[in-house]
*Asks:* 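Right, I'll just put the structure down here and ask away after.
Per chain, numbering begins at 1; letters A, B, ... match sequence-line order.
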Amino acid sequence: MPRPDWLPARRTKENHVSDEALWSKCPKCGEVLYRRDLAANLFVCTRCGYHFRMRAYDRIASIADGEFTELGADVLPGDPLDWSDRKSYPAKLKTDRERSGLSESVVCGFASVGGHRVGLGVMDFHFRGGTMGQVTGERITLLFEAARRERIPCVIFAASGGARMEEGMLALMQLAKTTAAVSRFMADGNFYLVVLTDPTSGGVSASFAFQADVIVAESKAMIGFAGRRVIEQTIRQRLPDQFQTAEFLLEKGAIDMVVERSDLKDTLVRLLEYADHE
Amino acid sequence: MPRPDWLPARRTKENHVSDEALWSKCPKCGEVLYRRDLAANLFVCTRCGYHFRMRAYDRIASIADGEFTELGADVLPGDPLDWSDRKSYPAKLKTDRERSGLSESVVCGFASVGGHRVGLGVMDFHFRGGTMGQVTGERITLLFEAARRERIPCVIFAASGGARMEEGMLALMQLAKTTAAVSRFMADGNFYLVVLTDPTSGGVSASFAFQADVIVAESKAMIGFAGRRVIEQTIRQRLPDQFQTAEFLLEKGAIDMVVERSDLKDTLVRLLEYADHE
Amino acid sequence: MSNNIIVERERSLVELERRIAELREASAAQPLDMSSEIAALEQKYQQILHELFGTLSPWEKVHMARHPNRPTSLDYISRFDRFDELHGDRHFRDDPSIVGGFGTLRSRNVMVLGQQRGRDTKENLRRNFGMPAPEGYRKATRLARLASRLRLPIVTFVDTKGADPGISSEEHAQSEAIAICLQAFTMATVPIVATIVGEGGSGGALALAIADFVIMLEHSTYSVASPEGCAAILWSDASKAEEAAAHLKLTADDLQRFGIVDQILPEPLGGAHRNARDVVTQTLGAVDAALARLASLTPEMLLDQRYRKYRRLGEWQAEGLEPVRTAR
Amino acid sequence: MSNNIIVERERSLVELERRIAELREASAAQPLDMSSEIAALEQKYQQILHELFGTLSPWEKVHMARHPNRPTSLDYISRFDRFDELHGDRHFRDDPSIVGGFGTLRSRNVMVLGQQRGRDTKENLRRNFGMPAPEGYRKATRLARLASRLRLPIVTFVDTKGADPGISSEEHAQSEAIAICLQAFTMATVPIVATIVGEGGSGGALALAIADFVIMLEHSTYSVASPEGCAAILWSDASKAEEAAAHLKLTADDLQRFGIVDQILPEPLGGAHRNARDVVTQTLGAVDAALARLASLTPEMLLDQRYRKYRRLGEWQAEGLEPVRTAR
Ligand SMILES: [Zn+2]
Ligand SMILES: [Zn+2]
C-alpha cells in the first residue's frame, strides 16, 4: 500500500498515544504483528487473514488514488443535551479525539478512486464506536449534497454501533437527515455505493447504509440491526457464530457481495466504471 | 339482488341449455338449491355459505348500480395457431359460447358502482376455464386504455386457469400486453382494484391480477401461481386444505383483504371512495 | 402484576374511588345528605391525584407512555369516520404490529398507519408487543407509496418500544426494511402528519414519524433508545434506566425545544387513559388542522419544505473547538 | 441416464467419432497414409449428422433446448468483457437460479440478467434446475430498476422450464413476484435486449423477456407452457407431450412469424453445444448490434415503442363471427 504524504501527519495524534501502537496482537490467531507490516497488508493479519478494524485515514489511503480533500472538517460536535454521566460528554469527546486523532466518527471528502472522482465518507469505530451524532449526520449530508451538485458517485464505508446516546433524539434525527440527502442524490440518477465494515448496526445500518444502489460488505464483518447481545438476551439463547456475518447476509439476499479487503479497491473501481457516463 | 332489465336477455343462451340449470347442488354441503333462490343470494349456498363460481353477467349485475356499457364485445377470438386436437379450437370455442353465453373469458365495460364510474372487467371460469387468450388480453387492454383516458378507476374480477394453450405464445404475450396497459394506467395515478375469485392462477395471477393497488379476495377462493395438482406432483405429497386459499394468502401478506360475497359490493364502494378526487 | 410505576401509583387511588362510589350510592338510597362528605373525599382525591401526577419526571413519563390502558393507535383510528384496513407486504407476511389502511378523518380521505401494541396479553403476543418486523415496515412502505400515487395525505400514530430485535427480523433484513421505509416517507409527495401517542422508540418509531408536522402527547416519550437500552449500552446496566431517562431528553417539552416536535397536546391529570375519549377527539382535531394547513402545498413545495426541516436538525458548529486537521 | 432424445441420438455418433480419432492418431504415428479412410469416415459422419439433426421437429427442438451441454446464460455472460455479479432480493434470499449484475459487452456497460440452470447435478440442485423462486424475480426487478436509474441498457438471457412451482414459492407470492417483474421491465427507461438461449418456459421466462428486441437461437423454444404441462392440462396425460409440442408453435420460426421474435440466430448442425464458442460470439454480436440500434432512442421513445410492440400482439378481429351480444 503506497503511503500518501499527508497520511503520517494525519495520524500524528494516534501515534503519540503509546508505544503499544507499534505492535498489535491478532484477536483471532494471537499472532503479534508489527504495526507497520500490518499497515502494509491493509490491516489484515498476515497469518490468518483476520481483518482488523481500520482507521478512517488508513482506509482513505487504501482506497483513494492520491489526494483527499476533506469536507465538513470544521463542523464539530457540541453538547446539545448538556450530558454528563460518569464523565461529561465533552470530556468523552476529548478522550476520543486524542485516542483516534479524529474530530468525529466520520471523515468525508473528495477523492479519486481508480480515476473516478467520488464523494468518499469513511466511518471510524475508534471514535465513539462509530456512533452517529449530529456532526456525523451533518458531514454525510454535506457530502451527498456536494456530490449531487457535482453529479459524481458517493462511496461510504459504514462502521457504527448505531445512533449516539449522548446526543439523544438529535442523533436519531440524523437517520432522517441523511435519508433525505441520500434520497435526493439517488433520485437524480447518481450512483451510491456502500461498503459495510465490521461492525455496522443500529441507526446507521437502518438508514443510509442500506439505501445504497450496491451494497458491498467486507468479509466476516458483523452487520445487523440489533446488536448480538440484545438478540441473545431477547431469545435467551446463544446465536450461531455465522449469524449476522457478511457471508450470512449474502445468503439471506441482503447484500450484493462479500469482498476480501485485498480485493476491495479493485472491486470498487470496477463498480464505479459501470456508472461512468463520461 | 335487484335484477337489471338487461340481465335476463344476456343470460338467454345459458338458460336454454337444459332444465338442470333450474337446480344446483351445493358441492360443499350437498344441499339442492333452486337456482332463482341461489341467484337472489348472490350464488352463496343458503345453508353452508359456500361461494359458487359466478357467471360474468351475474357478477356485473351484483356489482353495478344499474346500466353496464360493454366494451370490446366485437373483438372475438380466432384460431391463430390453427389448433386441432380431439376437437378443433373453433369447435371448442363454439361449445363454450353456447354453454356460457359468452364470446370470451372476460366481459369488459363501464358501470357505475355506488355512484363511482369505473372500468369493470369480469372474468368467467365457465368460458375455457377463464383462460386468457388474445381477446381476453385485448379486452382488458382496451378497458385500461379507455379508463386511463377518462381517468376513472378500474375494477377487475379475476378468475382464471392461466394462459390458454390453444393460442400458444400469443396467449402468453397477453401477460405483457395487459401489463403494459395496466402500468401506464397506474403511472398516471389512477386507482386499480382487483378482486380475486375462485380460482385465480397461472398467467392471469402472474400479471394484471397481482399488479393492483388493492387486492381483495373472495372468501375461500383458491389463488396461486402453480396449480395445486402441479405442486402435489412436484413434491409428491398432499397439500393442506388451507394452502392457496384467500385466507392463507392474507396471512402470508400477499393480499389486502378477504371479503364475503355478501359484503363485496359495499367494500368496493368504500374503497372507491378513497380514490375519489371529485 | 404490572411493574409499571404509574399503575402501581393508581392502586392507591382505587380505595378512595371505591369509597366515593359507595357514599354516592348510599346517599342516593337514603334521605341522609352526605354531599359534604362526598365533596371532602373528592377534594382529597383531586389533591392526591395532583400529588401523584401533577409533575412527572422523565422516568415517570416513560411509564405513562407504556401504561397498559393508554390509548393505542387503533383507539385513534377507530374514531375516524371510516377505516378500511389493508394488509401485507405482498411478499411474506402480514405483520399485525403495524396497522394501516385507507381512512376518512373529518371527511378527508387519508392513508393511516400506526404501530399497534396489544391491549391485553393475547393481543400483545399476536402483535409482538408493538415491535414491528421487517414485513411491517415493508407494508408501511407499500402503503406510503400508494398514498402518493392516489394523492392521499398520510396520517401516522407512533407507539413502539422499537423495531423487533429477533432472529427472523435480522434474517429478513430489518435494517433494510426501516431504511427503505424512511426513504418512502421522505419522498412521499403528499402531506404527512405524525402523532407520537405512546412510546416513540428509536429508528423503529422514526420509520413512521418522518412528517411535515409532528404532534406529541404531553406524556408520550420519543427517544433515541429505550432508557433500559441506553443504560445497557452506556453503563452495561439496564437497571440504571431511570438515570438514563433523565439524560435522554425524551419528553415532549425537550423535543419541541429541539424543533423535532411541532405541537404538544395536553393530557388530563393522570394521563391520557383517564379520559381517552377527549384525548382522542382533541388529537384527531389537531391532526385535521395540520392536514388543512398542509393541503394547499404542491408536491414540490412539500418535498422542499420537508427537506429543509430535516436538514436543519443537527447543523452544529461548536465554538472555540479547533478542528482536528493536521497539515497536509 | 439422460432421457433427452438428442443425447440419445448423439450416442450413435460417439462410436464413429472414436474411430475417426483413432485413425487420425494412427495416421500421425505411422508412415501409412490413411487420409482417404479418414475422409470417408468423416463424410459418413457428416451424413449421419445431417440425417439425425438436419431437420428437427418441434419435439426434437424441445430436447435440443434442454440439452445438458447447451450453452447456459453464464456461458454467454462469462464471455462479456467484464461481469460483476450482484446478489439478493434485499429481503429474504439470494436465488442462484437468476444470475444478474453489471457487465461490459463490447465496451458497453449494461445490466445483465439470466435464468441459470446447472451444468451438472450438484449445480442443478443449487440452482433449482433453473426454475426461479420469487426471490429471483425480485432480484431481477431490483436490478432492472437500478439499470434505469443508472441509464444502463438491460441484456437478458432466457433459459428456464418455468418459475418454480414449490410450496415456499407459493408462500412467498410467486405470482406477485413475476407480475411486478413484468412491470419493472415494461417501465424500464433503458433499452432491453432479450435472447432466448434455451427453453423459454411460460411466464417464468417472459418475466425476463419483455424487451425492445428479442433474439432467439434457432433450436431454442419459447412456449406458453411446457409440452408436458400442456398435455397434462388439455388431455390429463403428460406422455402426450410430443403431440402438444407440435401444436404449441414454440419454434423460432413460428415466433418470428407471429412478431414475437425479432431475429433468429442459426445454430451449427447438431445444436449450439457442438460449437458453443462461435454461437456465443455470434449471439453477443447480435445483442451488441441491437443495443447499438436502440442507443439513440430517448426514454420516451423507448417506452412508446415498447408499448406499441406489445400492444399489437393479439389484436384480433374474427371474421364472420357474430359477437354474443344480446338485446339490451
Ligand atoms: Zn491472525
Ligand atoms: Zn352448501
*Asks:* Select all residues of residues 117-146 of chain D having any heavy atom within less than 4.5 Å of some heavy atom of chain A, and report them by number, or 'none'.
*Replies:* D:Arg142, D:Leu146
*Asks:* Which bit of D:Ser148 comes within less than 4.5 Å of chain A, counting heavy atoms only: side chain, backbone, both or neither?
*Replies:* neither
*Asks:* Which of the residues D:Val110, D:Asp95, D:Asp84 is involved in the greatest number of heavy-atom pairs with chain A at under 4.5 angstrom?
*Replies:* D:Asp84
*Asks:* Does D:Asn109 use its side chain to pair, donor to acceptor, with the backbone of A:Glu273 at less than 3.5 Å?
*Replies:* yes
*Asks:* Decide yes or no on side chain to side chain contact (heavy atoms under 4.5 Å, CB included) for A:Asp256 and D:Arg90, but give the supporting numbers first.
*Replies:* CA-CA 8 Å; A:Asp256 285 293; D:Arg90 291 268 203 275; 3.0 Å; yes
*Asks:* So for atom CZ, which belongs to D:Arg82, do other residues, nucleotides or ligands contribute more than 12 heavy atoms lying within a distance under 6.0 Å?
*Replies:* yes
*Asks:* Is the shortest heavy-atom distance from the side chain of A:Val258 to the side chain of D:His87 under 4.5 Å?
*Replies:*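 Not touching, per the 4.5 Å side-chain cut-off.
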*Asks:* Any side-chain to backbone donor/acceptor pair from D:Arg93 onto A:Glu251? Under 3.5 Å, distance only.
*Replies:*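 Judged by distance alone, no pair lies under 3.5 Å.
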*Asks:* A:Ile255 versus chain D, heavy atoms under 4.5 Å apart: side chain, backbone, both or neither?
*Replies:*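 Interface part for A:Ile255: backbone (N, CA, C, O).
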*Asks:* For the residue pair A:Tyr274 and D:Phe102, categorise the inter-ring angle as parallel (less than 30°), tilted (30 to 60°) or perpendicular (more than 60°).
*Replies:*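 Ring orientation of A:Tyr274 relative to D:Phe102: parallel.
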